Amino acid sequence: MKHLLSINDLSRDAAIDLLNLAVEMQQVNTRDIKKLPALTGRTVANLFFEDSTRTRISFELAARRLSADVINFSAKGSSVSKGESLKDTVQTLEAMGVEALIVRHNHSGAVNTIANSDWSKAVVINAGDGTHEHPTQALLDALTIRQRVSGIEHNGDLTGLKVLIVGDILHSRVARSNLLLLRKLGAKVAVSAPSTLVPATIARYCDEVYFDLDEALSQKFDVVMMLRIQSERMNSAFMPNSSEYSFGWGLGDTRFSKLNQNTLIMHPGPMNRGLEISSKAADSKQSAILDQVTNGVAVRMAVLYKLLAQEKKND
Ligand code: NCD
């Protein structure tokens with residue numbers, strides 16, 4: 001594996017290996033000195049054409065904890081606003097010796113374009129491309145589920161687990177990567193959304209579809225993963241208005257109070273409190289939202305280590 005562009009780049013065993021490596025990285029993150037020398041003298045660049053808080057910061061922290069030098073490039077404030085092309089931006093970084101490009105882009109497939117081009121020899125990691133995929137988010141979600149859901153024998157995988165993903169499935173790269181990864185690891189994954197926010201081909205990618213959230217929640221899932229409404233990716237009205245959405249599809253206080261107390265609540269962030277999730281649910285003991293953020297650093301350390309320290313050595 002040279003790049004990480006999609007969950008499809010990982011076999012089940014490769015995904016489990018990465019999760020196990022992330023557990024080792026978690027140990028490093030609890031030490032007083034949170035640093036490994038693995039990537040000393042190597043340079044990685046965060047190449048972000050879309051806004052980000054969690055993903056950008058955690059990739060930066062992950063690279064620094066492995067002793068790499070990190071460059072943060074964001075399209076806003078760069079020569080992209082002067083009309084510079086993706087090719088010239090990538091070639092400019094290549095000319096300065098960047099060995100890994102961590103790319104977030106609003107166009108689905110932009111990361112594949114870079115990886116399949118001859119613009120750069122760098123390793124490419126998809127940090128979210130349009131409505132396509134966000135593989136490291138799915139890996140950190142799988143790690144969080146593995147560590148937070150009790151009562152199920154995990155052999156590194158998630159066999160027997162029931163996960164419900166709720167909300168804007170159509171525009172969500174988080175949903176797409178999670179559907180691929182969680183099912184690869186043996187979980188049963190259902191989705192619940194208004195019919196306007198599910199892709200027509202959804203039946204191929206999930207185990208069940210519920211067009212009624214209350215009916216879905218009555219089925220008792222181990223994990224309920226809420227998604228943000230991707231309004232920046234909508235070119236027309238996919239729902240009447242935000243209060244209708246939160247009435248029908250939000251994890252509000254009433255729905256939260258009816259949930260089994262062992263049901264784990266997740267959200268990739270950023271959250272719209274009061275729209276897709278209430279503060280009571282988001283801040284509850286059942287919520288794993290901050291664990292997801294913490295685990296993001298360890299998972300991204302594992303991915304960088306694997307692609308830059310291990311795979312390069314095998315070249
Ligand atoms: C997600 C993203 O950017 O795809 N956020 C994240 O990376 N944690 C989800 C979102 O923006 O809704």
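Since we're looking at a predicted model, the values are computed, not measured. Just follow the structure's listing: the first ligand is 1, and inside any ligand the first atom is 1.
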My understanding is that only residues two or more places apart in sequence, or in another chain, count here; which of them pass side-chain contact (heavy atoms from CB on, under 4.5 Å) with Phe247? none

In chain-and-number order, ligand 1 lies under 4.0 Å from a heavy atom of each of Thr55, Arg104, His134, Gln137, Arg173, Val174, Arg228, Gln230, Pro268, Gly269, Pro270

Pairs of donor and acceptor atoms involving the side chains of residues 213-220, under 3.5 Å and at least two apart or interchain, shall be tabulated with distances.
unit_1, atom_1, unit_2, atom_2, d
Asp214, OD1, Arg255, NE, 2.8
Asp214, OD2, Arg255, NH2, 3.1
Ser218, OG, Glu215, O, 2.6

With sequence neighbours excluded, what pairs up with Ala63 under the side-chain contact (heavy atoms from CB on, under 4.5 Å) test? Val44, Ala68, Val70, Leu304

With a 4.0 Å cut-off on N to O distance, would you call Arg273 and Asp283 a salt bridge? yes

Salt bridge Glu133-Arg176, side-chain N to carboxylate O under 4.0 Å: no

Can a salt bridge be assigned to the pair Asp129 and Arg173 using a cut-off of 4.0 Å between side-chain N and carboxylate O? no

